[in-house]
2 protein chains.
Amino acid sequence: MSNLSISEENYLKAIFHLYKHGEGIGTNAIARHLDTKPASVTEMLKKLADKKLLTYEKYQGVVPTRKGFTLALGVIRKHRLWEYFLVEKLKLKWDEVHEIAEQLEHIQSDLLVEQLDAYLGFPKLDPHGDPIPDKDGKMCAMNCCCVSEIKPNSNARIFGVKNHTSAFLKHLEKLNLTIGKTFTLVNRNDFDQSVELVLNKQTMHISKEVAENILVEKLK
Amino acid sequence: MSNLSISEENYLKAIFHLYKHGEGIGTNAIARHLDTKPASVTEMLKKLADKKLLTYEKYQGVVPTRKGFTLALGVIRKHRLWEYFLVEKLKLKWDEVHEIAEQLEHIQSDLLVEQLDAYLGFPKLDPHGDPIPDKDGKMCAMNCCCVSEIKPNSNARIFGVKNHTSAFLKHLEKLNLTIGKTFTLVNRNDFDQSVELVLNKQTMHISKEVAENILVEKLK
DNA sequence: ATATTTTTTTAGGTGCGACTAAATTATATT
DNA sequence: AATATAATTTAGTCGCACCTAAAAAAATAT
């Protein structure tokens, strides 16, 4: 029975995300992700290594083990199920749920999670377009990319977001750039990487920062 | 903004319950309630007194302040709403929800609580018959007593329970003594305070311990 | 290849919430 | 009222998860 503290779960989650985004899992990166200091990370890595949740050698970085992976996925599963619940059942807005789910993801009860999943109808995607791992950690493959990666003159449908902060999501809401919307990217400006797109026959400008954080699936 | 730790919330809750049941709020009693040691309680009482959640003077015991009272009620509200949710929506059994609600009650988000309450239809009672405080801390008055307090030859309807442990609730389930059931108490045995009652035309015996933990409303 | 910068680790400390053992105060008994 | 018992508090520790400052190793630049 591996019962982890909230901190330990958060470390595993952070390491998982860095690993998946191929960002290189350094002490510094983890610290930035968790809003903590590198020295604290080093200590925790030793503890997690003792528990066989990752392999760690001084100065050599970190590799999660299968067990660590599985536990991280379990936390992510809970986070995304709760987000789905909060939006679909409790009618919270997509920019209101992240902080709450950060708390709910640490509730320990397998029974609870499985019943919640069933109650929600085994959803595949959370309100931000992220795939929800099933009971066995499997999740649907994602075939999407950032707006900053698609070519001018292509059509795309908004699939999800990379940034989950309330500020960003509210901004998207204001621009009417929500999940499911389709648009045509008409131009990318070389000097600042901002893009022009047409949505509902209206032309709009979005900054590089915004473009990098919107995930789309290409159409046709 | 008074943001309490989980420990602090648990102390307030324990003190509230002792206070309400008129059990005398001693360091010892609180420790027993929280499965901790009296010395630890003393320290925490000082901290809670500093935060004006109770008044405390050495060796003189404790009195919760209005603020402490309100915060305790808030935690209890959340506990009971979550229990209701777990049973009514997720279909957990009444003996499976207490532990989980002990965790969920510490989730911090006013918005979440109010939406949950609305989603559940503003329930007045939780699955164990305990009243759920509303937004303002008001809850319906309870007019019930223990089976150990009613007289032979009276009819009663089961209203709730005092003991929330899984063991006790499973026991009741087995005896078919669940909320809403009505019975006639036919006799109380002097030597062990056990009682005989008739439910669905069947006579059954229940121990003093069980009788003390079943709440009933008297009929006719 | 050496020097500089960045990253990572160690050493030593802090606050929280628990603990044990010992001292103190309150309560009950005779 | 004196004494025994029970409740409470103090004093001193501990583990966890964080911190800062300084040392060590790795990466980068010259």
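Proteins come first, then strands; the chains are lettered A, B, ... in the order of their sequence lines, and each starts at number 1. Being a predicted model, the structure only gives us computed values, none of them experimental.
Residue K58(A) contributes atom NZ, which lies 8 Å from atom P of dA25(D) at whole-angstrom precision. Atom CD1 in I25(A) sits about 16 Å away from atom C1' in dT7(C), given to the nearest Å. One interatomic measurement links the two molecules: CD1 of I6(A) to P of dG15(D), which rounds to 21 Å at whole-angstrom precision. One interatomic measurement links the two molecules: CG of L45(A) to P of dT7(C), which rounds to 16 Å at whole-angstrom precision. Atom CD in E57(B) sits roughly 11 Å away from atom P in dA26(C) (whole-Å rounding). As a whole-Å value, the separation of N10(A) CG from dC16(D) C1' is 15 Å.
Inspection of the D130(B) and H164(B) side chains reveals an N or O donor paired with an N or O acceptor under 3.5 Å. Looking at E173(B) and W94(B), their side chains do bring a donor and an acceptor atom within 3.5 Å of each other. Checked by atom type, the side-chain pair N10(A)/H106(A) shows a donor-acceptor distance below 3.5 Å.
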Subject >> Intermediate values then yes/no, salt bridge (charged side-chain N to carboxylate O under 4.0 Å, His left out), E114(A) and R77(A) >> reply: CA-CA 11 Å; E114(A) 300 325 316; R77(A) 168 166 160 76; 2.7 Å; yes

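Phosphate contact (OP1/OP2 of dT10(C), side-chain N/O of K46(A), threshold under 4.0 Å): present. Within the 4.0 Å cut-off from OP1 or OP2 of dA26(D), at least one side-chain nitrogen or oxygen of Q60(A) is found. The side chain of N28(A) places an N or O atom within less than 4.0 Å of a non-bridging phosphate oxygen (OP1 or OP2) of dT8(C). At least one side-chain nitrogen or oxygen of S7(B) sits closer than 4.0 Å to the OP1 or OP2 atom of dA18(C). Contact between the side-chain N/O atoms of Y11(A) and the OP1/OP2 oxygens of dC16(D) is not found at any separation under 4.0 Å.
Proximity note for Y59(A) (side chain, C-beta onward) versus dA24(D), dT10(C), dC18(D): the nearest is dA24(D).
Seen from the ring of F85(A), K89(B) does not count as a face-on cation partner, given the 6.0 Å and 45° thresholds.
Looking at heavy-atom distances under 4.0 Å, E8(B) makes no contact with the nucleic acid at all.
Contacts between residues 30-43 of chain A and DNA chain D, defined by a heavy-atom separation below 4.0 Å, involve T36(A), K37(A), A39(A), S40(A), E43(A), listed by number.
Tested against F159(A) for a side-chain contact (heavy atoms from CB on, under 4.5 Å), the candidates N143(A), V216(A), L125(A), I214(A) yield a single pass: L125(A).
Evaluation of the ring-ring contact (aromatic ring centres under 6.0 Å, His included) test over residues 30-65 of chain B, restricted to residues two or more places apart or in two chains, returns none.
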